[in-house]
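Structure first, commentary second.
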There are 2 protein chains.
Amino acid sequence: MINNRQLKILQLIIDDFIASGTPVGSRTISKKSSLGISSATVRNEMADLEDLGYLYQPHTSAGRIPSDQGYRIYVDSLSLDRALGLKERNLIRSLLISGKIKAEEVIANAAELIAGITGLVVIASYPGFKKHALSNLKLIKISDSKVLLILISDNEVVKDLTLSFSGTTQAVLDEISDALLRNLEGSTIEDINVKKISKLKYDLENYEEVIDYLVPILRDTLRNIDEVEYRVEGFDNILSVPEFSDGLKARRMYQLFENKSIFKDIFDQITTEGIDIKIGEENEVAELKECSLITTTYRYQARDFGKIAVLGPKRMDYRGIISTLEYVSNTLSDIFSGIYL
Amino acid sequence: MINNRQLKILQLIIDDFIASGTPVGSRTISKKSSLGISSATVRNEMADLEDLGYLYQPHTSAGRIPSDQGYRIYVDSLSLDRALGLKERNLIRSLLISGKIKAEEVIANAAELIAGITGLVVIASYPGFKKHALSNLKLIKISDSKVLLILISDNEVVKDLTLSFSGTTQAVLDEISDALLRNLEGSTIEDINVKKISKLKYDLENYEEVIDYLVPILRDTLRNIDEVEYRVEGFDNILSVPEFSDGLKARRMYQLFENKSIFKDIFDQITTEGIDIKIGEENEVAELKECSLITTTYRYQARDFGKIAVLGPKRMDYRGIISTLEYVSNTLSDIFSGIYL
DNA sequence: ATTAGCACTCGTCCTATTTGAGTGCTAACT
DNA sequence: AGTTAGCACTCAAATAGGACGAGTGCTAAT
């Protein structure tokens, strides 16, 4: 299929293209390569590599550019040994263990760090909420017509929701809160349904009316809780990437990120644990077919994962990004498993 | 100083420049104007207007562009009668009264609406928190080591803060919450100090230790509550504005908005109530000296105001934006005063 | 005071022309 | 049989040169 020398040449071409962004010619490779090969030979090999679909020419008299397939074989053959030095590792770890309390903040911090290192956009997902058990709950009076509902899950995620709810006192709300919690504690959010809520009536005989009023509001509210939340860091980086810096493309990217549902699409295509790489057309999300996406998962609790993705042009530093992402996600897993407490 | 005809010509030039974005020549004005004036005459007047500092030429053989001073006199002479038709007013009002519950959502909604209408960036500030009285408070257990503090002010703003706080039960937290509220209710957030919190000890004899632990945490937390929060809508619009659409400028703008403190600077320069217009160099914020900023205030409660600003290139539709902003802020004031309940 | 007319300026657009980085192919070399 | 020197060829990008035209300022006539 592809012989050793061809692979070596392909790697050199891609390395050069990633660095320069311009099509790579045979002479450049001939000079660089330690193989002691003339440009004519390189030309012959390049022609073969093009026939195999790993390279293409933007126009006849230009150098070569890697195709998605070319990037793929390049990435698969990448060696990650010593990609990250001890210094870098220590720096990353110390920046991750920065004393943030909330899981959200830790993740946001990590995403920002990766964005800084890679100069690309980072998308992170927080652990889910719907699939976790309710561990605490409180209704708090905001005003005569509004009540705040606070939900806390056993993975320490906090949700607050404002309900329209009038004519009550905090004392009554406290009683209702206690009763709700008694009945719902331990249920997962998605298991909380009308039946469970309605049972409260037996528990709170004096407040039947209030319960009747509250049930439909609560049901609708719970139904609309998002399963996962997302965080984007380093969007501004993309505005400096030549591939995206014209106004129209930048705007499309911005608008893409405004609709949170895109993040679900992006992450749902990743089914494996650990590092996953989607190059160009390999992406199922249409808007990202000009991009590469490197994703990793971090372990949050026993069986719960969050994901972190780096998004950028296909021409990106795969080696560095993979190593960084791998190290950060491992460190996050350690942090959440309590190793650094 | 400047005579009637000169003003008229200046207005025509600026109208044309706002619409076209290209320097305006004497022939264009001569044809458009109802004054029945030849291009030569217009040229003479234009030369005078340039001497007066209202116009300038980007290069010798080009038409004229308004200076900041020119925009200023143009804006000051603007008539706003019937700038907004009944249809538009009704549409705006109906979109504002969209059944949102939270004040934050109402404002975000309004900002988005204005961004859509004007095609520019909108920055809105929510009413403050520190200067309002505390109306409700609750400590909620998140996990063994974390507690959530919910603060509600009498202007219905909700703040939630996560505290590091271990080894307690919800029952204890409820008692402490009640005691805290008894002592602090009605105080403004900025008035809550160590002395007030410490008095709790007399109220909660059994929990001295807990209180000792809580006091410094609470004090630091309260000190760090932001006075005002901000919301930006329509940032993507700026990516389509020719004046800002190159990558570097767009990135600078994005980064400018990432540091929330810039919003304080932007709004602090506005001291008047109602519509305020800052054109180019009139802006005290250095990064906005190429922009125009139109701000308005809306009344939230008796003596509390929020602000909404439209930010864009100096070449913007002042008339339309001012009218829209004025109408929206008035309608918001009405909504918050309860007229539409 | 206004305007027609004219010379002049200068950015923009269009059209060669040149340049140079690159290719593919062939024939000679090892 | 694989490698390489050599050469003709291609084509994007850079350069140079007009021509164009939108604009000005000034002057002289109305």
Side-chain angles (χ1 to χ4, degrees), chain A residues 1-10 12-67 70 242-243 246, chain B residues 1-10 12-67 70 242-243 246:
Chain A
M1 197 72 214
I2 182 175
N3 66 40
N4 224 325
R5 191 172 71 179
Q6 287 174 329
L7 179 61
K8 177 87 197 192
I9 290 173
L10 182 61
L12 285 168
I13 292 172
I14 298 186
D15 283 337
D16 192 277
F17 183 71
I18 286 173
S20 73
T22 54
V24 185
S26 54
R27 230 176 90 82
T28 314
I29 298 304
S30 165
K31 271 188 291 181
K32 238 192 231 178
S33 129
S34 49
L35 297 169
I37 256 173
S38 80
S39 66
T41 311
V42 175
R43 273 202 291 287
N44 290 331
E45 297 287 31
M46 277 168 125
D48 290 350
L49 285 168
E50 179 158 2
D51 288 344
L52 291 167
Y54 299 127
L55 296 175
Y56 70 97
Q57 289 178 279
H59 55 85
T60 326
S61 70
R64 256 83 172 196
I65 286 178
S67 66
E243 278 88 339
D246 88 275
Chain B
M1 198 70 215
I2 181 173
N3 68 40
N4 224 325
R5 191 171 70 177
Q6 287 173 327
L7 179 61
K8 177 85 197 194
I9 289 172
L10 182 61
L12 285 167
I13 292 172
I14 297 186
D15 283 337
D16 192 277
F17 182 71
I18 286 174
S20 72
T22 54
V24 185
S26 55
R27 228 176 92 83
T28 314
I29 299 304
S30 165
K31 274 189 291 181
K32 238 192 228 178
S33 127
S34 50
L35 297 169
I37 257 172
S38 81
S39 65
T41 310
V42 175
R43 273 202 292 286
N44 290 330
E45 295 287 30
M46 277 168 124
D48 289 353
L49 284 168
E50 181 158 0
D51 288 343
L52 291 166
Y54 299 126
L55 297 175
Y56 70 97
Q57 290 178 278
H59 55 85
T60 328
S61 70
R64 254 85 172 192
I65 285 178
S67 66
E243 278 88 340
D246 89 275

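Atoms considered below: every heavy atom in the structure, side chains included; atoms not considered: hydrogens, waters and symmetry mates. In what follows, chains carry the letters A, B, and so on, assigned in the order in which the sequence lines appear, proteins first and then strands, with residues in each chain numbered from 1. Being a predicted model, the structure only gives us computed values, none of them experimental.
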**OP:** Counting heavy atoms from C-beta on, name the nucleotide in dT3(C), dA12(D), dT4(D) closest to the side chain of Ser38(A).
**Re:**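 For the Ser38(A) side chain, the nearest candidate turns out to be dT4(D).
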Subject >> Which residues share a side-chain contact (heavy atoms from CB on, under 4.5 Å) with Arg27(A), sequence neighbours left out >> reply: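 So Arg27(A) forms a side-chain contact (heavy atoms from CB on, under 4.5 Å) with Lys31(A), Ser39(A).
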Nucleotide [N], atom [atom2] - distance to [atom1] of [X] in whole Å:
| X | N | atom1 | atom2 | answer |
| --- | --- | --- | --- | --- |
| Glu45(A) | dT3(D) | CD | C1' | 11 Å |
| Asn3(B) | dT2(C) | CG | C1' | 14 Å |
| Ile37(A) | dG2(D) | CD1 | C1' | 10 Å |
| Asp16(A) | dG22(C) | CG | P | 10 Å |

Shortest non-hydrogen contact between [X] and [Y], atoms and distance:
| X | Y | answer |
| --- | --- | --- |
| Asp48(A) | Gln6(A) | CB-NE2, 3.5 Å |
| Thr22(A) | Phe17(A) | O-CD1, 3.3 Å |
| Arg64(B) | Ile13(B) | O-CG2, 4.3 Å |
| Val42(A) | Ile37(A) | CG2-CG2, 3.2 Å |

Subject >> Within 6.0 Å of CG in Asp51(B), more than 12 heavy atoms from elsewhere >> reply: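 Atom CG in Asp51(B) is crowded, with more than 12 foreign heavy atoms closer than 6.0 Å.
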Subject >> Side-chain heavy atoms of Ile14(A) within contact of Leu10(A), under 4.5 Å >> reply: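 A side-chain contact under 4.5 Å exists here.
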Taking only nitrogen or oxygen atoms into account, show me every contact under 3.5 Å that the protein makes with nucleotides 28-30 of chain C, one pair per line with its distance.
none

**OP:** Produce a footprint string for nucleotides 20-30 of chain D: one letter per nucleotide, 5' end first; B if the base is under 4.0 Å from any protein heavy atom, S if only the sugar-phosphate is, - if neither.
**Re:** ---SBB-----
Original post:
Step by step, would you call Lys32(B) with Asp16(B) a side chain to side chain contact (heavy atoms under 4.5 Å, CB included)?
Top reply: CA-CA 10 Å; Lys32(B) 238 192 228 178; Asp16(B) 192 277; 2.6 Å; yes
